[in-house]
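Each ligand, and each atom within it, is numbered from 1 in the order the structure gives.
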Amino acid sequence: MAQILGIESTCDETAAAVVIDGLRVSSNVVATQIDLHAKYRGVVPEIASRAHLEKILPVVREALDAAKTSFKDLDAISVAHRPGLVGSLLIGVTAAKTLAWTLAKPLVGVDHVHAHLFSVKLETDAQIPMPAVGLVVSGGHTALYQINSFLDVRLIGATIDDAVGEAYDKVAAILGLGYPGGPIIDSLAATGDAAAVKFPRTLLAKNSLDFSFSGLKTAVLYHVRGFKGREKTADALTPREIRDIAAAFQAACVDVIAKKISRAIAMIGAKSVIIGGGVAANKGLRKRMSAIGLPVFFPLPQYCTDNAAMSAGLADLLLAAGKISSLDLDAITYSQFLPESA
Ligand code: KG4
Ligand code: ZN
């Protein structure tokens with residue numbers, strides 16, 4: 001039985017978790033920074049790293065206490081060390097290295113995006129037919145993968161501009177709604193009329209598995225404010241118009257995602273689909289995917305957004321495969337990140 005402590009600090013959640021045998025989550029603590037970033041309507045890197053520094057030790061302590069375990073009973077320390085914001089990553093990576101060194105336990109560096117894919121296994125042990133098409137949709141990522149196993153994950157498509165969660169957050173800002181925008185737009189969309197406005201679906205080249213959401217975001221902006229200037233703002237919209245725009249925007253996002261997944265299924269001969277990341281909580285996406293014709297695996301709601309249980313779970317597989325990191329493990333940022341080298 002392997003008991004692994006996971007640490008997560010790639011973006012704006014400070015998290016720690018204890019996971020047994022890769023699947024059983026004995027604790028999952030997440031200190032969110034949403035309130036700190038809400039007034040800027042996006043993550044401010046400097047604020048994020050300071051908050052991680054304050055929270056990391058209490059969060060680790062809480063995760064051990066909630067799991068009723070102690071440092072000496074851990075088999076390994078895992079940390080999401082890529083990709084992310086450098087100041088944020090450094091806090092988690094430094095904490096994990098320090099613990100691994102002082103406790104003389106193995107250190108396991110985990111790819112945060114691969115961990116989002118693995119999150120569908122947590123507490124379900126879903127038997128997933130492979131190869132699978134994997135999709136990670138979050139505030140920072142929109143990427144498609146061919147998954148032959150959770151240790152053999154290949155990037156086959158990615159956004160060329162905004163991540164889909166980022167588009168949700170920006171559209172929410174255009175509509176004068178709160179942050180993060182995803183859950184707000186998702187619930188407004190449920191009561192809106194998606195056919196009331198027609199927004200573009202950007203599919204790129206015929207066989208492309210890449211995504212682009214910036215045109216859709218700009219289309220919403222022009223629809224709300226008008227083309228020529230700033231005569232109109234979101235204040236001029238009625239609640240009904242806001243609901244309709246939310247529904248039409250969500251329909252465009254979900255359409256594009258479903259089409260790209262169908263393309264990827266055909267290209268790799270996939271037997272199932274795995275969807276992880278914050279946007280995997282989206283009700284419209286879940287509904288649409290139920291008609292895709294293959295088994296589709298989503299994480300439990302608490303494992304959609306950033307958490308440390310997903311990296312501790314994946315670390316169990318890495319540890320068993322002997323993929324242990326050295327104490328000079330690097331924090332790797334988005335810009336340094338070359339997913340193909342994973
Ligand atoms: O996975 P996550 O916590 O962070 C990153 O790794 O980026 O995802 C956060 C993102 C935010 O952009 C948020 O607006 C979006 O996930 N999100 C949603 C929903 N819940 C969260 N987007 C659409 N529908 C939702 N229900
Ligand atoms: Zn994430």
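- Here the shortest heavy-atom pairing between S27 and A63 reads OG-O, 2.7 Å.
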Practice item. Would you sort out whether Q302 and N28 count as a side-chain hydrogen bond (donor to acceptor under 3.5 Å, both in side chains), showing the intermediate values? Key: CA-CA 9 Å; Q302 65 272 36; N28 181 41; over 6 Å; no

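- At a 4.0 Å cut-off, not a single heavy atom of Q250 sits close enough to ligand 1 to count as contact.
- Put simply, the angle at the Zn ion (ligand 2) from OD1 in D306 to NE2 in H116 is close to 90°, to the nearest 10°.
- If you number the atoms of ligand 1 from 1 as listed, the ones under 4.0 Å from a heavy atom of H112 come out as 6 (O).
- Ligand 1 has no nitrogen or oxygen under 3.5 angstrom from a nitrogen or oxygen of P180.
- Between N282 atom CG and D186 atom CG the span is 4.0 Å, to the nearest 0.5 Å.
- R286 CZ: more than 12 foreign heavy atoms inside a 6.0 Å radius.
- In terms of protein heavy atoms, atom 18 (C) of ligand 1 is closest to G182 CA, 3.5 Å.
- With a 4.0 Å heavy-atom cut-off, ligand 1 is reached by the side chain of D186 but not by its N, CA, C or O.
- Side chain to side chain, D161 and S212 meet the donor-acceptor criterion of an N or O pair below 3.5 Å.
- Remark: of the listed residues D111, L314, L117, N148, L117 is the sole one forming a side chain to side chain contact (heavy atoms under 4.5 Å, CB included) with V153.
- For the pair H37 and A48, the tightest heavy-atom approach, listed with the atom from each and the gap, is CE1-N, 3.7 Å.
- At least one heavy atom of P183 sits less than 4.0 Å from an atom of ligand 1.
- Ranking protein heavy atoms by distance to atom 10 (C) of ligand 1, first place goes to G139 N, 3.4 Å.
- Atom 3 (O) of ligand 1 has D306 N, 3.1 Å as its closest protein atom, hydrogens excluded (heavy atom only).
- If you look at H116 next to ligand 1, the close heavy atoms, those under 4.0 Å, all belong to the side chain.
- The residue from G278, A115, S187, A189 that puts a heavy atom closest to atom 21 (C) of ligand 1 is G278.
- Residue-ligand proximity, G165 to ligand 1, at heavy-atom distances under 4.0 Å covers atoms 12 (O).
- Heavy-atom contacts of T305 reach the following atoms of ligand 1: 1 (O), 3 (O) (cutoff under 4.0 Å).
- For atom 13 (C) of ligand 1, the choice among V43, D169, I34, N282 with the nearest heavy atom turns out to be D169.
- With a cut-off of 2.8 Å, the Zn ion (ligand 2) has an N, O or S atom of H112 in range.
- Listed by number with element, the atoms of ligand 1 under 4.0 Å from a non-hydrogen atom of A281 are 26 (N).
- With hydrogens and angles ignored, the 3.5 Å screen pairs no side-chain donor or acceptor of D244 with any backbone N or O of G192.
- Taking the six-membered ring for Trp and the full ring otherwise, the centers of Y179 and Y40 sit at least 6.0 Å from each other.
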